[in-house]
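I have placed the structure first, in the form of structure tokens, so that the comments after it can refer back to it.
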Amino acid sequence: MKILVIGSGGREHAIIRRLAADRPAPELHAAPGNPGIAQLATCHDVSVGDLDGQVRLAEQLRPALVVIGPEAPLVAGAADRLREAGMTVFGPSAAAAVLEGSKSWAKEIMAAAGVPTAASVTVTAAEELAAGLDRVNPLGDVPYVVKADGLAAGKGVVVTEDRDAAVVHAEAVLTAGGQVVLEEYLDGPEVSLFCVSDGTRVVPLAPAQDFKRALDDDEGPNTGGMGAYSPLPWAPEGLVDEVLEQVARPTIAELADRGIPFVGVLYCGLALTSRGLRVVEFNARFGDPETQVVLERLTSPFAPLLLAAARGELAEDEQLSWSEDAAVTVVVASAGYPAAARTGDPITGIRECESHGAHVIHAGTAEADGELVSAGGRVLSIVARGADLEQARTRVLEATALITLEGSHHRTDIARRAAEEATR
Ligand code: AMP
Ligand code: GLY
């Protein structure tokens, strides 16, 4: 089977790596891909933003399936364009991807579907800010949660105890022409659950936890994600079923009722708060870097799952199988990420890292004069598995230490707490 994957990041490398492990192995193509992907797939020089180029490439290759990785082309209508050209596509239409593209619309869908989420107010002008903050944080209770309404690569959110800082971020978003969503603060651990949907049916993958802050102990600014692990030994029993019943199925049904079938991955970003399960955010695609650990554990065939969803033919009782192993990934970020990522620095040590029981997912790399260099904020995502989280964690950290990239930083506490609790 011929498959074309659109994207150039760690998520797409992980998707391609997992597709390549299916038997029989599919014939893999990527647009544009990256140097890591190029080891497993034929890369085509068509950028993520070039929808015309993607359609032309698909018409040339005639793949059995096109998988769209990132949110930007989905929101821009890549899936619609490819479907119009007769392709079988895994990824939601532009209309359905608004679930990620607009936090205020996602809130409206959740309200209509009865999905639990943080109380919120959407603000469109600076004059409404003070009243909005007073409504969402009525007793001056903190922290404040201020979100840019549109796509922001995970960086549009500020969580702060400082009202002035909340106002500054909100005003910056408004001045840039955006809307602001003010939200009630959700306490409790976060969980990412990817639900594959064919527009009506929903199949959950294994839950994972992402680490959004740049620095250890959840210090520093929000990022796209600095590491992840799966499974979650601490998660309450029945969590996945609860998310399916309370969140994923009602959301997919609400969209279907509105004539906007969602075909692809509904990424449920959840907080397990003291008052119960709440949705923090929806995304319209696989998460990055959670995909790296979730797919590492998937033992069922992957391509047939994506193809069945793309065709609207998921089985009602589809049961996926999972390795008992734990998987942990640590992201190596470039100097200055997330504020201002430096690029063009040489990367060495990948072979050493991989002979140390880990594998290296390329997230933001490029080749320059035959040398591998950094080309983005999140540069590599190192993945290791183990019999348990502690073993996977130790392996991934030892392997990560063998990578050299000047000025780079990575977290050393990914899965630490979960591993400690699991052995207690
Ligand atoms: P989002 O882009 O909406 O996923 O937000 C990015 C990150 O900000 C989340 O993963 C949380 O860590 C944090 N965050 C977002 N909304 C809230 C909230 N209402 N309460 C607490 N933390 C939040
Ligand atoms: N890791 C968070 C995201 O993919 O949005």
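Ser300 places a side-chain N or O within donor-acceptor distance of the main-chain N or O of Ser321, the cut-off being under 3.5 Å. Under the 3.5 Å distance criterion, the side-chain polar atoms of Asp388 are matched with a main-chain donor or acceptor of Gln391. Between the side chain of Arg201 and the main chain of Gly312, a donor-acceptor pair closer than 3.5 Å is present. Judged by distance alone, with hydrogens and angles left aside, the side-chain atoms of Glu316 form no donor-acceptor pair with the main-chain N or O of Val202 at under 3.5 Å. Distance alone, capped at 3.5 Å, is enough to place a donor-acceptor pair between the His409 side chain and the Tyr337 backbone. Side chain of Asp413 to backbone of Asp217: a donor-acceptor contact under 3.5 angstrom is found. Not one N or O on the side chain of Thr291 forms a donor-acceptor pair closer than 3.5 Å with the backbone of Asp288. Not one N or O on the side chain of Glu12 forms a donor-acceptor pair closer than 3.5 Å with the backbone of Gly7. Between the side chain of Asp216 and the main chain of Thr412, a donor-acceptor pair closer than 3.5 Å is present. No donor-acceptor distance shorter than 3.5 angstrom exists from the side chain of Glu281 to the backbone of Lys103, with no hydrogens or angles considered.
Closest heavy-atom contact between Ala326 and Pro231: CA-CD, 3.8 Å. Minimum heavy-atom separation, Ala366 to Ala375: CB-CB, 3.8 Å. The heavy-atom pair separating Pro143 from Asn137 by the smallest distance is O-ND2, 3.2 Å. When all heavy atoms are compared, the tightest approach of Ala419 to Leu389 is CB-CB, 3.9 Å.
Remark: Met87 CE to Ile68 CD1 distance equals 11.5 Å, nearest 0.5 Å. With rounding to the nearest 0.5 angstrom, the CG atom of Leu51 is 7.5 Å from the CD1 atom of Ile6. In this structure, the separation between CZ on Phe282 and OG1 on Thr251 is 3.5 Å, given to the nearest 0.5 Å. Separating the CE atom in Met110 from the OG1 atom in Thr117 is a distance of 4.0 Å, to the nearest 0.5 Å. To the nearest 0.5 Å, the span separating CG on Leu270 from CG on Leu239 amounts to 7.0 Å. To the nearest 0.5 Å, atoms CG (Leu266) and OG (Ser197) are separated by 7.5 Å.
Looking at Pro32 and Val48, their side chains come closer than 4.5 Å, going by heavy atoms from C-beta outward. Counting heavy atoms from C-beta outward, Val55 and Leu57 have side chains that stay 4.5 Å or more apart. Within the 4.5 Å cutoff, no side-chain heavy atoms of Val159 are placed close to those of Tyr144. Under the 4.5 Å side-chain criterion, counting only non-hydrogen atoms from C-beta, Val328 is not in contact with Val383. The closest side-chain heavy-atom distance from Pro207 to Val191 is below 4.5 Å. With contacts defined as side-chain heavy-atom distances shorter than 4.5 Å, the pair Arg17/Leu295 does not qualify. In this structure, the side chains of Val265 and Cys195 stay at 4.5 Å or more apart for every pair of heavy atoms. Between Ile3 and Leu19, some side-chain heavy-atom pair lies under the 4.5 Å cut-off.
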- Message: Before you tell me yes or no, could you show the steps for Thr365 and Asn34 under side chain to side chain donor-acceptor pair (under 3.5 Å), namely the whole-Å CA-CA distance, both residues' side-chain angles and the distance that decides it to 0.1 Å?
- Response: CA-CA 7 Å; Thr365 69; Asn34 66 32; 4.8 Å; no
- Message: side chain to side chain donor-acceptor pair (under 3.5 Å) for Gln292 and Ser381? Distances and angles first, verdict last.
- Response: CA-CA 8 Å; Gln292 283 83 313; Ser381 169; 3.3 Å; yes
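Each salt bridge (Lys or Arg N to Asp or Glu O under 4.0 Å) pair with one or both residues in residues 38-48, not counting sequence neighbours, would appear here, but there are none. Sorted by first then second residue, the salt bridge (Lys or Arg N to Asp or Glu O under 4.0 Å) pairs that include residues 87-102, not counting sequence neighbours, are Glu100-Arg285. Applying the salt bridge (Lys or Arg N to Asp or Glu O under 4.0 Å) test to every pair with at least one member in residues 223-246, sequence neighbours left out, gives these pairs: Glu245-Arg249. A salt bridge (Lys or Arg N to Asp or Glu O under 4.0 Å) check over residues 75-90, counting only residues at least two apart or in different chains, returns the pairs Asp52-Arg81.
A salt bridge links Glu108 to Arg258: at least one charged side-chain nitrogen sits closer than 4.0 Å to a carboxylate oxygen. Classification of Lys107 and Glu183 as a salt-bridged pair holds, one side-chain N sitting under 4.0 Å from a carboxylate O. Using a cut-off of 4.0 Å between Lys/Arg side-chain N and Asp/Glu carboxylate O, Asp22 and Arg18 are scored as salt-bridged. Remark: Arg411 engages Asp218 in a salt bridge, criterion side-chain N to carboxylate O under 4.0 Å.
Under the salt bridge (Lys or Arg N to Asp or Glu O under 4.0 Å) criterion, Asp345 pairs with Arg342, not counting sequence neighbours. Listed by chain and number, the residues in a side chain to side chain contact (heavy atoms under 4.5 Å, CB included) with Ala208 are Ser230, Glu290, Val293, Val294 (sequence neighbours excluded). Scored by the ring-ring contact (aromatic ring centres under 6.0 Å, His included) test, Tyr267 finds Phe194 as partners (sequence neighbours excluded). The ring-ring contact (aromatic ring centres under 6.0 Å, His included) search around His410 returns none, not counting sequence neighbours. For Trp234, the side chain to side chain donor-acceptor pair (under 3.5 Å) partners are Tyr229, not counting sequence neighbours. Considering only residues two or more places apart in sequence or on other chains, Asp187 meets the salt bridge (Lys or Arg N to Asp or Glu O under 4.0 Å) condition with none of them. The side chain to side chain donor-acceptor pair (under 3.5 Å) test applied to His29 returns Glu27, His44, not counting sequence neighbours.
No side-chain donor-acceptor contact under 3.5 Å links Lys212 and Thr223. Under the 3.5 Å distance criterion, with hydrogens and angles disregarded, no donor-acceptor pair is assigned to the side chains of Asp210 and Ser192. Inspection of the Thr299 and Ser323 side chains reveals no N or O donor paired with an N or O acceptor under 3.5 Å. Checked by atom type, the side-chain pair Ser334/Ser408 shows no donor-acceptor distance below 3.5 Å.
More than 12 non-hydrogen atoms from other residues, nucleotides or ligands lie less than 6.0 angstrom from CD of Glu354.
When each of Thr348, Ile403, Val332 is paired with Cys353, the side-chain contact (heavy atoms from CB on, under 4.5 Å) condition holds for Ile403 and for no other.
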Sequence neighbours excluded and cut-off under 3.5 Å, please list the side-chain donor-acceptor pairs for residues 395-402, or say none.
from   : atom 1 : to     : atom 2 : distance (Å)
Arg395 : NH1    : Arg385 : O      : 2.7
Glu398 : OE1    : His356 : NE2    : 3.1
Thr400 : OG1    : Val396 : O      : 2.6

